[in-house]
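Keep in mind the model is a prediction, meaning the values are calculated, not measured. All ligand and atom numbering here is 1-based and tracks the order in the structure. Sequential numbering from 1 along the given sequence is applied to the chain's residues.
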Amino acid sequence: MFSFLLVFVTLRLLQLVNGLDLTVSSSGGKAVSPIFYGFMFEDINHSGDGGLYAELINNRAVRNLDSWKAIGGVALTADTSNAVSTAIKTSLKVDVPAGATGKVGFQNLGYYGMAVEEKPYSVSFYAKGSYTGLYTVDLRSNSGTVFGFTTVAASSTSDWKQFNTTFVPSQSGSNADNSFAITFDAASVAGKSLYFTLVSVFPPTFKNRENGLRVDIANALNEVGAKFLRFPGGNNLEGGSVAASRWQWMKTLGPSSARPGRQGTWNYWNTDGLGIIEYMNWCTDMGLEPLLAVWSGLGLDGTIASQSSLQPYITEALNLLEFLMGSTSTTYGAMRASYGYPNPWQVNYVEVGNEDNLNSGKSSYTSYRYKLFAAAINAQYPKINIIASCPGFDIHGQSNGMGWADYHNYDRPDHLVSLFHTFDTVNRNTPILVGEYAVIQGNQGSLNSGVDWNLPRQKYPTLIGAIAEAVYMLGAEQNADVVKAMSFAPLLQHFSGTQWSPDLIGYTSFPTDTTRSMSYYVQKLFASNVGEMTLPVSGGTQGPIYYSAMKRGNQTIVKMANYNGTSTDVNISVPSGSGNVASFTTFTAPSGLSYNSPGKEVSSLSTKQITGSNGVFTVHYE
Ligand SMILES: *[C@@H]1O[C@H](CO)[C@@H](O)[C@H](O)[C@H]1NC(C)=O
Ligand SMILES: *[C@@H]1O[C@H](CO)[C@@H](O)[C@H](O)[C@H]1NC(C)=O
Ligand SMILES: *[C@@H]1O[C@H](CO)[C@@H](O)[C@H](O)[C@H]1NC(C)=O
Ligand SMILES: *[C@@H]1O[C@H](CO)[C@@H](O)[C@H](O)[C@H]1NC(C)=O
Ligand SMILES: CC(=O)N[C@H]1CO[C@H](CO)[C@@H](O)[C@@H]1O
């Protein structure tokens, strides 16, 4: 006995098409990869620092005075001569004028503000100087209302001392125009200086992980039902030049005092607070397969590691794999255990680099960079699926000799829809990760081409864009023998600090602004409705209604996307023995150009039960 599930995404319509009469076969399909829909994450748009990474303090190591502000008549300086650790040499020097009285100190304005809720906040900071008295820590509105505070007792010290405390504000802020403050008694330290660094404030995190994820954003991600996480980039893997600013896993471990941070590719400093262990916990907590990218010798400034200089970076990647998967009797497996993780993780997918065709990287990538990385990884980990970043730009032409191909496609709606059949003709021997795709512009300009990089990108995903993505995904599902995994990109954006739009989920520093885009709902519907096998569907042409069917246990799943066509009825005949009740989910919005924005969700998602007769279900687009 089968039950039956229908998923529809609908762009409402202006032109008429004839009704469809579809028959879903009971067999003859293709096996579907267990990781078909996933996430692509890199720190862009304050997606990590200032976003998913729940730290409220911006510039916590005080690299300069950005986000720091004096309270009372004190003078603030970014000091570089009082290192708290080898990794963190910077701190906030607070000069208290002679004769000062009352409470003085400083505040941090957060990443475009900070939310304050009646929840426990974990506070940590380092301080030193000749002060014996209380430090008051509080969360306050920028107009002066203190929502909650606590105190810690300090005694005069010439060494750094770490203070940890928690408190629960008795009142919530009505917006994000708030800050965190540390104040102390001016008279006790008048004419002297105090130093502070690594000031950290965390609200409760997703699954209560220490150093964890912001709950509202993590919940939105978790609801998608995605199956893999591609990380840590993206261009942010690479950094500006060879060696210097690439992502380095071993610098992302331990307490914040051990993480130097790095200049990220997307114009802002990365604390690396969201480090390798935090990424793995993220995977664990959302049931995601890690799809780990390792740096492959390409700098975004065009510097490329020569063949003879590549080995240290290959070793670095192998060390990372040993750190993640090795037994505790190995050097790096033991290191993992020392951080509290004796049980190994499992990594089944490794991508060598990112977009290695950029900056004239292709010839070195194909001639030695990919080969040397892949050979070294496969020699030790023969079961790891290795993904090549570069040939994805030529999926139809390449003959291969590489592993999977990571194919990226940013596009416009009509053009993306025209690619419904693109995977029908690719080399069947090269599994494909569509590691980045999204509609990023409207249908302006020549409709027969893809993105025009000279034109601006959309601020928000539109319905027509999301439906075009759905059509593209249906085309990929039909080619499940070769398309193994897909991830929309970029994933997250802070609306106040965006380098790249549109994104799947947007947010401000205030939780109720978190916005699930049109594309988000399409991803969620598709990712939550994947079976083990595709099922062939006969009886109609593809377009303007596109469709694909799958079998999941005893269920038949039919997905359809209506790309700006109208329909009368669609009859769907399901395999004999199927039940007569189906769950019918539709997603739509008022118009093709509709979009969801903070506090204004105009899309609608509805599910109802429908009954069929003799295995035929008739559905009608409203
Ligand atoms: C759907 O099935 C019904 C009942 O058999 C039939 O009357 C109708 O013409 C069919 N519609 C289409 C679009 O095939
Ligand atoms: C403060 O908390 C951090 C994080 O939990 C911990 O590593 C550190 O040892 C604590 N420090 C003190 C002085 O308790
Ligand atoms: C379908 O499978 C699910 C999960 O295995 C099971 O709970 C359910 O009873 C099955 N339904 C039918 C109609 O066989
Ligand atoms: C849908 O198609 C009509 C007719 O071709 C066209 O005028 C309209 O712009 C399309 N809608 C969108 C959102 O592209
Ligand atoms: C720090 C940083 O990268 N800021 C940028 C955030 O995004 C806005 C909008 O694109 C830019 O104007 C900022 O420079």
Residues 49-58, side-chain donor-acceptor partners within the protein, below 3.5 Å, at least two apart:
| unit_1 | atom_1 | unit_2 | atom_2 | d |
| --- | --- | --- | --- | --- |
| Asp49 | OD1 | Thr271 | OG1 | 2.7 |
| Asp49 | OD2 | Thr271 | N | 2.7 |
| Asp49 | OD2 | Thr271 | OG1 | 3.4 |
| Tyr53 | OH | Arg60 | NH1 | 2.9 |
| Tyr53 | OH | Arg60 | NH2 | 3.4 |
| Tyr53 | OH | Asn211 | OD1 | 2.4 |
| Glu55 | OE1 | Arg60 | NH1 | 2.8 |
| Glu55 | OE1 | Ser200 | OG | 2.7 |
| Glu55 | OE2 | Ile57 | N | 3.1 |
| Glu55 | OE2 | Val201 | N | 2.8 |
| Asn58 | ND2 | Ser67 | OG | 3.3 |
| Asn58 | ND2 | Gly110 | O | 3.3 |

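- With a 4.0 Å cut-off on non-hydrogen atoms, Asn571 touches ligand 1 through its side chain and not its backbone.
- The ring pair (Phe, Tyr, Trp, His ring centres under 6.0 Å) test applied to Trp247 returns no partner, not counting sequence neighbours.
- Among Tyr410, Phe526, Phe423, the one residue that satisfies the ring pair (Phe, Tyr, Trp, His ring centres under 6.0 Å) test with Tyr472 is Phe423.
- Note on Lys559 versus Glu477: salt bridge recorded, some NZ/NE/NH1/NH2 to OD/OE distance being below 4.0 Å.
- The aromatic ring centroids of Phe202 and Tyr121 lie 6.0 Å or more from each other.
- The Ile464 neighbourhood of ligand 4 comprises atoms 12 (C), 13 (C), 14 (O), with distances under 4.0 Å to a heavy atom of that residue.
- Under 4.0 Å is where a charged nitrogen must lie from a carboxylate oxygen, and between Asp159 and Lys161 no such pair does.
- The atoms of ligand 1 that sit less than 4.0 Å from any heavy atom of Asp569 are 13 (C).
- Below 30°, between 30° and 60°, or above 60°: for Trp249 and Phe323 the angle between ring planes is between 30° and 60°, a tilted geometry.
- The ring pair (Phe, Tyr, Trp, His ring centres under 6.0 Å) search around Phe106 returns Trp68, Phe196, not counting sequence neighbours.
- Sorted by chain and number, the residues within 4.0 Å of ligand 2 by heavy atom are Gln162, Asn164, Glu210.
- Residue Leu20 approaches ligand 1 through these ligand atoms, each under 4.0 Å from one of its heavy atoms: 13 (C).
- For ligand 1, the polar-atom distance check against Asp21 finds a nitrogen or oxygen pair separated by under 3.5 Å.
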